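Because the structure is a prediction, the values reported are computed rather than measured.
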Amino acid sequence: MRLRPDPISPEILSFIEATVREMMAPYAVREIRIHADENHAGEPAIFVDIEHDLSETPIDTRDLRRLSKCILDRLWELGEDRFAYVRHYYHDDQKGTWDR
């Protein structure tokens with residue numbers, strides 16, 4: 001029987017939302033969805049799903065890694081022990097460092 005995941009505190013929700021908006025500002029963030037669930041191994045986790053509109057600024061994958069690291073580091077500092085999975089969803093025509 002699957003248990004309902006622990007809720008995410010308002011402080012953590014606010015931090016994640018603000019951090020994504022700040023660090024991903026050049027990349028046309030349309031929507032941020034944050035929820036608690038289990039990962040593929042059945043461990044408690046936090047999922048951060050970021051929907052992007054088409055941006056004229058090519059996505060730099062180094063910025064994506066910096067965002068994930070910033071979120072994870074701060075979550076540990078705040079006492080959150082769940083891993084955060086940050087997932088990005090782009091427009092089909094979006095350019096980025098993966099095009100090099």
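Each side-chain hydrogen bond (donor to acceptor under 3.5 Å, both in side chains) pair with one or both residues in residues 13-22, not counting sequence neighbours, appears once here: Glu17-Arg21. Residue pairs meeting the ring pair (Phe, Tyr, Trp, His ring centres under 6.0 Å) criterion with at least one partner in residues 58-84, sequence neighbours excluded, are Phe83-Tyr85.
In this structure, Glu51 pairs ionically with Arg33, as a charged nitrogen and a carboxylate oxygen lie closer than 4.0 Å.
Here the closest non-hydrogen pair linking Ser55 and Ala28 is CB-CB, 3.9 Å. Of all heavy-atom pairs between Leu72 and Ala84, the closest is CD2-N, 3.4 Å. Between Ile46 and Ile34, the closest heavy-atom pair is CG2-CG2, 4.0 Å. Closest approach of His91 to Asp53, counting heavy atoms only: CB-C, 4.4 Å.
To the nearest 0.5 Å, the span separating CD on Gln94 from CD1 on Ile59 amounts to 4.0 Å. The CD1 atom of Ile71 sits 4.0 Å away from atom CG of Leu67, with the distance rounded to the nearest 0.5 Å. In this structure, OG1 on Thr61 lies 10.5 Å from NE2 on His88, to the nearest 0.5 angstrom. With rounding to the nearest 0.5 Å, the separation of CG in Asp81 from CG in Leu75 is 10.0 Å. In this structure, CG in Asp63 is found 12.0 Å from SG in Cys70, a value given to the nearest 0.5 Å. Atom CE of Met24 is separated from atom CD1 of Ile50 by 7.0 Å, given to the nearest 0.5 angstrom.
Not counting sequence neighbours, the partners of His35 by the ring pair (Phe, Tyr, Trp, His ring centres under 6.0 Å) test are Phe47. Judged as a side chain to side chain donor-acceptor pair (under 3.5 Å), and not counting sequence neighbours, the contacts of Asp73 are Lys69. When the side chain to side chain contact (heavy atoms under 4.5 Å, CB included) test is applied to Asp92, no partner is found at least two apart in sequence or on another chain. Among residues two or more places apart in sequence or in another chain, the side chain to side chain contact (heavy atoms under 4.5 Å, CB included) test is passed with Ala18 by none.
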Intermediate values then yes/no, side-chain contact (heavy atoms from CB on, under 4.5 Å), Ile32 and Asp49:
CA-CA 6 Å; Ile32 304 166; Asp49 295 325; over 6 Å; no
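Connection of Tyr89 to Val48 is not established within any shared hydrophobic cluster, with ILVMFWY side chains joined at heavy-atom distances below 4.5 Å, either directly or through further cluster members.
By the 6.0 Å contact criterion, CD on Glu77 is enclosed, its count of non-hydrogen atoms from other residues, nucleotides or ligands being greater than 12.
Judged by distance alone, the side chain of Arg82 and the main-chain N or O of Asp6 form a donor-acceptor pair under 3.5 Å. With hydrogens and angles ignored, the 3.5 Å screen pairs no side-chain donor or acceptor of Thr97 with any backbone N or O of Arg62. A donor-acceptor pair under 3.5 Å is formed between the side chain of His52 and the backbone N or O of Tyr27.
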